[in-house]
Structures are given as C-alpha cells and as structure tokens.
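The block underneath contains the structure these notes are about, expressed in structure tokens.
Since the structure is predicted, the reported quantities are computational estimates derived from the model, not experimental observations. Just so you know, these numbers use all the heavy atoms, side chains as well, and skip hydrogens, waters and symmetry mates.
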Amino acid sequence: MAERQAGGLEVAQDLEFEGRQWRAQLAGWWVMLLGLLLAVLGLLGRGGPLGGGRADGEGLSLEYVRLLHHLEPLSLEVRLSPQAPAAGGDRVRLALSQEWLAGVRLNAVTPQPESVELRPDRVIYTFSVAPGADRPAEVRFAYEAEEVGALRGWVELEGGGRVEFGQWVYP
C-alpha cells in the first residue's frame with residue numbers, strides 16, 4: 001500500500017486493489033448489458049422477436065412461445081383457415097402429440113371440445129360446427145410446462161396438415 005500527499009494529508013492508496021475493483025465493476029456492467037440484450041430479444045422468456053413462434057400447415061397455423069418458464073401459464077393457439085377440411089362436414093378434429101402433452105399440464109381448451117379421444121401417440125379433440133355456421137377460427141390450449149428442458153410436439157388437423165414445434169422451458 002502506497003502513501004501519497006494530498007494537500008498536506010497523507011492518503012493510503014492500493015493501486016493493485018483499485019485495478020481489480022475497476023475490472024470487476026466493468027465485468028459486472030457487461031453482464032448486466034448482456035442480460036438486458038437477451039431479455040429484449042426474448043431469450044429469457046416470452047416476448048421479443050425470438051421468444052414467440054409461428055408455424056403454418058395445410059389448413060392451420062400455430063402460435064406458441066418458444067422460450068418459457070416452468071409452471072408459467074401460457075396458451076398454444078391453433079388458427080384454422082376457412083378452407084380447413086372437416087370430418088363429415090360438421091366437425092373439426094385436431095390432434096395434439098402425446099410427447100408434448102406429457103411435459104405440460106393442460107388447464108383448458110377453448111372452445112370446449114365435443115369429444116376427446118386418447119391414442120398411444122396423440123390426443124384427438126373434436127369440435128362441433130353447427131350447420132351453416134363458420135368453423136371455430138381459433139382453438140386455444142391453456143397450459144403450464146411441468147418439465148424443464150426441451151419440449152417437442154405437433155398439432156395435426158384431420159384431413160389437413162401437421163405442424164411441428166419446439167419449446168425450451170427454463171427453471
């Protein structure tokens with residue numbers, strides 16, 4: 001530790017310690033700036049240009065959150081095109097993969113499905129369409145992720161296309 005004179009006073013000064021403190025403070029500022037940038041881009045959860053996902057298939061499109069947090073309430077939105085094929089003309093059947101459903105807690109399906117069928121690799125939701133009425137334009141699956149890590153899944157419209165998607169769940 002060096003002593004120096006400052007206006008008649010002796011001041012103790014440790015230049016090595018001050019240099020380490022300055023470097024630690026600079027590193028802290030860079031970490032905070034990186035965290036802010038990741039949050040703005042959407043890499044720390046929903047929101048931002050990289051946090052949301054959209055996938056299109058034949059007769060349907062899917063909007064979902066790519067990066068989410070464990071037990072965060074979210075929704076998977078399936079939009080059906082007016083030309084979406086219907087089973088028998090008065091029903092729309094959507095299938096969700098069991099692989100994705102195994103990692104989430106499904107809280108609600110809107111509109112309410114007429115029936116639900118369980119299969120080894122999928123769960124099929126049937127929605128009734130009244131004669132002369134439009135098909136539901138959107139089906140919303142409210143859920144919470146129960147697993148941490150990668151979630152993969154797909155949504156399929158019977159007689160239409162399949163849309164695959166992937167998500168990452170933070171703790």
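- Rounding to the nearest 0.5 Å places CD of Q167 at 9.0 Å from CG of L67.
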Task: side chain to side chain contact (heavy atoms under 4.5 Å, CB included) evaluation trace for I124 with R122 - done: CA-CA 6 Å; I124 302 170; R122 68 186 67 203; 3.9 Å; yes

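- Between S97 and G153, the shortest heavy-atom distance links the atoms OG-CA, 3.3 Å.
- A salt bridge is defined here as a Lys NZ or Arg NE, NH1 or NH2 lying under 4.0 Å from an Asp or Glu carboxylate O, and E156 with R93 fails to meet this definition.
- Among all heavy-atom pairs drawn from Q98 and R119, the shortest one is NE2-O, 3.3 Å.
- How far CH2 of W100 is from OH of Y64: 12.0 Å, rounded to the nearest 0.5 Å.
- Rounding to the nearest 0.5 Å places CZ of F165 at 9.0 Å from CZ of R152.
- When each of V104, L96, V139 is tested with L76 by the rule side chain to side chain contact (heavy atoms under 4.5 Å, CB included), just one qualifies, namely L96.
- Side-chain heavy atoms closer than 4.5 Å link hydrophobic residues (I, L, V, M, F, W, Y) into clusters, and following such links, possibly through other members, connects Y125 to L118.
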- [ ] Applying side chain to side chain contact (heavy atoms under 4.5 Å, CB included), run through E72 and E144 and close with a yes or a no.
- [x] CA-CA 5 Å; E72 176 183 16; E144 297 172 3; over 6 Å; no

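- For the pair W29/L33, no side-chain contact is recorded, criterion being any heavy-atom separation below 4.5 Å from C-beta on.
- The line from CG of L74 to CG of N107 is 10.5 Å long, rounded to the nearest 0.5 Å.
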TODO: Report the C-alpha separation of E99 and L151 in whole Å, then their side-chain angles, then the decisive distance to 0.1 Å, and conclude whether the side chain to side chain contact (heavy atoms under 4.5 Å, CB included) test is met.
DONE: CA-CA 8 Å; E99 177 185 10; L151 277 177; over 6 Å; no

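- Follow the hydrophobic side-chain contacts under 4.5 Å out from V116 and you reach L101 in the same cluster.
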Open item on the list: The test is side chain to side chain contact (heavy atoms under 4.5 Å, CB included); show your working for F141 and V78 and say whether it passes.
Closed with: CA-CA 8 Å; F141 297 92; V78 181; 4.0 Å; yes

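- We find that E18 and R20 are not joined by a salt bridge, their nearest charged nitrogen and carboxylate oxygen being 4.0 Å or further apart.
- Residues L157 and W154 do not share a hydrophobic cluster, defined by chaining ILVMFWY side chains whose heavy atoms lie under 4.5 Å apart.
- For the atom pair S75 OG and L106 CG, the distance stands at 11.0 Å (nearest 0.5 Å).
- Annotation for V163 and A55: closest pair CG1-CB, 3.1 Å, computed over non-hydrogen atoms.
- Nearest approach of L68 to A145, heavy atoms of both residues: CD1-CB, 3.6 Å.
- With hydrogens and angles ignored, the 3.5 Å screen pairs a side-chain donor or acceptor of H70 with a backbone N or O of E146.
- Of all heavy-atom pairs between V169 and H69, the closest is CG1-C, 3.9 Å.
- Not a single donor-acceptor pair under 3.5 Å links the side chain of T126 to the backbone N or O of E114.
- Rounded to the nearest 0.5 angstrom, F127 CZ and L80 CG are separated by 8.5 Å.
- In terms of heavy-atom proximity, G161 sits nearest to L60 at O-CD2, 3.4 Å.
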